[in-house]
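Quick notes on the structure that follows.
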Amino acid sequence: MSAEKRKNIINRPKWQKFYITLEHFWQHCTQKLGLTVSRCVTAVRGKIASWWQIVLIFVFAVVFLYYPIGGWLVHSIDTSNNYHPQSENGSLATIDMMSHLINREVHHKMWTPNLPFIFPSYFLDNMPNFQLGLMSAVSRTAAALERLPITSTLPNAETERHEAVELLQYPGNIWLFSPQNKLMPVPSSNTQYKKGRKKLNNFNDQIAAGRIVLSRDEASLSTFLRFARRDISRQLAQTDAHIRETHDSFVDLKADDIFYFTLGKLYGYAQIFKALSQDYKDVLIRRDIYPQWTRMQNFLECASDLNPTIIRNGKLNSSLAPNHLITINYFGARAVNLLNNIIYRLNQPVDSQQ
């Protein structure tokens with residue numbers, strides 16, 4: 001730097017001196033970084049002698065970096081219990097809870113059961129099964145909602161509700177192509193669930209506006225609970241059958257799939273029942289079944305809290321190997337027993353309980 005140029009810099013204000021110094025520092029770092037990158041590229045070119053080495057490096061990066069790290073970043077099994085459903089202006093808290101669960105798994109997370117091998121979550125199995133189990137609880141609750149009698153001034157109220165149920169019952173493993181015809185494009189699972197959620201919210205908005213009137217009596221609550229009881233009992237029976245058939249196996253690769261599907265289903269019903277207790281609070285008080293309802297909720301939440309590092313389907317008389325399928329089935333079976341008692345009391349005349 002010439003003496004004249006240095007003199008001009010010295011005579012400048014302090015803030016200009018600071019920016020000039022910062023600029024010189026940045027140029028120095030950029031030159032150093034460029035030189036380092038150039039040396040690295042030269043070194044790599046010297047090591048790679050043929051195209052198959054490039055392929056080998058690419059395969060190594062995919063197998064040991066893309067899938068493990070990408071899958072670890074995507075993996076998220078959320079069994080939180082901190083969402084409080086809204087029932088403002090007479091809307092159903094149950095529908096709001098269903099909408100929240102769908103929105104959380106489809107919008108705020110990645111819907112993993114339908115993703116092909118190009119995504120790092122392709123080799124995940126716990127999160128996809130959890131999401132499928134959770135969505136099965138939501139879709140069965142929507143089917144129960146369709147059975148409830150309504151009074152409406154809207155001509156398309158029944159159609160809106162029926163379409164929401166059909167959309168939420170869409171298979172969860174469809175990405176872009178039909179399973180029957182791989183060349184035929186079809187809507188993806190998450191796209192259909194988003195549409196179903198939108199129709200559920202529209203239906204709930206009409207309830208809040210008073211255009212749709214839905215009875216909140218013992219019969220309506222019993223309908224929800226009977227659908228849930230049948231769904232949970234069917235899943236527990238399938239898990240029991242798997243335990244009987246494979247508990248002697250040294251390695252059971254399907255145990256974690258069944259465990260997390262059951263976990264997602266029981267967690268989904270734990271959240272939905274929390275919303276139902278808000279919608280049918282008067283019924284629970286009138287029938288004096290709040291204590292049983294609370295115990296049922298506790299069993300479902302205990303099942304949702306299960307988070308073992310490794311899922312084992314150990315021998316039934318083993319002193320060392322646990323059996324997590326039996327554990328989660330225990331909590332589910334206790335909840336079903338209490339459901340039976342609650343449904344029985346709901347179906348009894350009010351006078352016979354006083």
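Excluded from the calculations below are hydrogen atoms, water molecules and symmetry mates; all remaining heavy atoms, backbone and side chain alike, are included. Remember, predicted model here, so these are calculated numbers, not experimental data.
The closest donor-acceptor contact from the side chain of D279 to the backbone of T94 lies under 3.5 Å. At distances below 3.5 Å, at least one donor-acceptor pair connects side-chain atoms of Y170 with backbone N or O atoms of P187. Q131 places a side-chain N or O within 3.5 Å of a backbone atom of T112 that can act as its donor or acceptor partner. In terms of modelled atom types and a separation under 3.5 Å, the side chain of Y290 and the main chain of K281 share no donor-acceptor contact. With hydrogens and angles ignored, the 3.5 Å screen pairs a side-chain donor or acceptor of K274 with a backbone N or O of Y83. With hydrogens and angles ignored, the 3.5 Å screen pairs no side-chain donor or acceptor of N190 with any backbone N or O of V106. Of the possible polar contacts, none joining the R216 side chain to the Y280 backbone as a donor-acceptor pair under 3.5 Å is found. When atom types are taken as modelled, the side chain of Y267 and the backbone of S80 share a donor-acceptor pair closer than 3.5 angstrom. Between the side chain of N173 and the main chain of P113, no donor-acceptor pair closer than 3.5 Å is present. The backbone N or O of G133 sits less than 3.5 Å from a side-chain atom of S136, completing a donor-acceptor pair.
Rounding to the nearest 0.5 angstrom, the gap separating the CG atom in L306 from the CD1 atom in I328 is 5.5 Å. Rounded to the nearest 0.5 Å, atoms CD1 (I258) and NE2 (H324) are 14.5 Å apart. Between the OG atom in S139 and the OH atom in Y193 there is a gap of 7.5 Å [rounded to 0.5 Å]. Between L134 atom CG and Y269 atom OH the span is 10.5 Å, to the nearest 0.5 Å. We find the CD-CD1 distance between E160 and I212 to be 8.0 Å, quoted to the nearest 0.5 Å. Note: R140 CZ to L168 CG = 12.5 Å, rounded to the nearest 0.5 Å.
Under 3.5 Å, the side chains of Y330 and R334 contain a donor-acceptor pair of N or O atoms. S91 and Q86 share no donor-acceptor pair across their side chains, judged by distance under 3.5 Å alone. There is no side-chain donor-acceptor pair under 3.5 Å between S99 and D96. The closest side-chain donor-acceptor pair between N313 and T246 falls under 3.5 angstrom.
Minimum interatomic distance between S189 and W111 (heavy atoms only, all atoms of both residues): CB-NE1, 3.8 Å. Heavy-atom minimum distance, N114 versus S188: ND2-CB, 4.2 Å. In terms of heavy-atom proximity, N323 sits nearest to I326 at OD1-N, 3.1 Å. Contact between M296 and A335 at its shortest, heavy atoms only, is CG-O, 3.9 Å. Minimum heavy-atom separation, L124 to P128: O-CG, 3.5 Å. Nearest heavy atoms, L236 versus A333: CD1-N, 3.5 Å.
The shortest side-chain heavy-atom distance between I272 and F224 does not fall under the 4.5 Å cut-off. When side chains are defined from C-beta on, Q192 does not count as touching I174, because their heavy atoms never get closer than 4.5 Å. Contact annotation: the side chain of R197 never approaches that of L200 to less than 4.5 Å [non-hydrogen atoms, C-beta and beyond]. The closest side-chain heavy-atom distance from N202 to Q206 is not below 4.5 Å. A 4.5 Å side-chain heavy-atom check between M110 and L115 finds at least one atom pair inside the cut-off. Contact of the L263 side chain with the Y260 side chain is registered, since non-hydrogen atoms from C-beta on lie closer than 4.5 Å. Under the 4.5 Å side-chain criterion, counting only non-hydrogen atoms from C-beta, R287 is not in contact with I342. A heavy-atom distance below 4.5 Å is found between the side chains of K109 and D78.
No path of Ile, Leu, Val, Met, Phe, Trp and Tyr side chains, each step under 4.5 Å between heavy atoms, connects L167 with F203, placing them in separate hydrophobic clusters. Transitive grouping of hydrophobic side chains (ILVMFWY, heavy atoms separated by less than 4.5 Å) brings I207 and V283 into a common cluster. Taking hydrophobic clusters as Ile, Leu, Val, Met, Phe, Trp and Tyr residues chained together by side-chain heavy-atom distances below 4.5 Å, I285 shares a cluster with I343. At a threshold of 4.5 Å between side-chain heavy atoms, the hydrophobic network of Ile, Leu, Val, Met, Phe, Trp and Tyr places L92 and V165 in two separate groups. Under a hydrophobic clustering in which Ile, Leu, Val, Met, Phe, Trp and Tyr are joined whenever their side-chain heavy atoms come within less than 4.5 Å, directly or via other members, L214 and L284 fall into the same cluster.
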- [ ] For S304 and N81, run side chain to side chain contact (heavy atoms under 4.5 Å, CB included): C-alpha distance rounded to whole Å, both residues' side-chain angles, the deciding distance at 0.1 Å, then the answer.
- [x] CA-CA 9 Å; S304 304; N81 193 32; over 6 Å; no
Open item on the list: Let's go through M135 and I102 carefully: what are the C-alpha distance in whole Å and the side-chain angles of both, what is the deciding distance for side chain to side chain contact (heavy atoms under 4.5 Å, CB included) to 0.1 Å, and is it a yes or a no?
Closed with: CA-CA 7 Å; M135 189 57 65; I102 298 170; 4.1 Å; yes
Task: Steps toward side chain to side chain contact (heavy atoms under 4.5 Å, CB included) verdict (Q235, L266) - done: CA-CA 10 Å; Q235 182 60 32; L266 296 183; over 6 Å; no
Open item on the list: Does M97 form a side chain to side chain contact (heavy atoms under 4.5 Å, CB included) with H100? I'd like the steps, not just the answer.
Closed with: CA-CA 5 Å; M97 177 61 79; H100 162 72; 4.1 Å; yes
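The side-chain tip of R230 points at the ring of F227 from less than 6.0 angstrom away and within 45° of straight on.
Using a 4.0 Å cut-off between charged nitrogen and carboxylate oxygen, R286 and E218 count as a salt-bridge pair. The pair D231-K265 meets the salt-bridge criterion, since a charged nitrogen lies less than 4.0 angstrom from a carboxylate oxygen.
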Which atom pairs, one a donor and one an acceptor, fall under 3.5 Å between side chains of residues 144-155 and the rest of the protein, sequence neighbours left out?
unit_1: E146; atom_1: OE2; unit_2: H162; atom_2: ND1; d: 2.6
unit_1: S152; atom_1: OG; unit_2: L154; atom_2: N; d: 2.9
unit_1: S152; atom_1: OG; unit_2: R211; atom_2: O; d: 3.1

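R104 CZ: more than 12 foreign heavy atoms inside a 6.0 Å radius.
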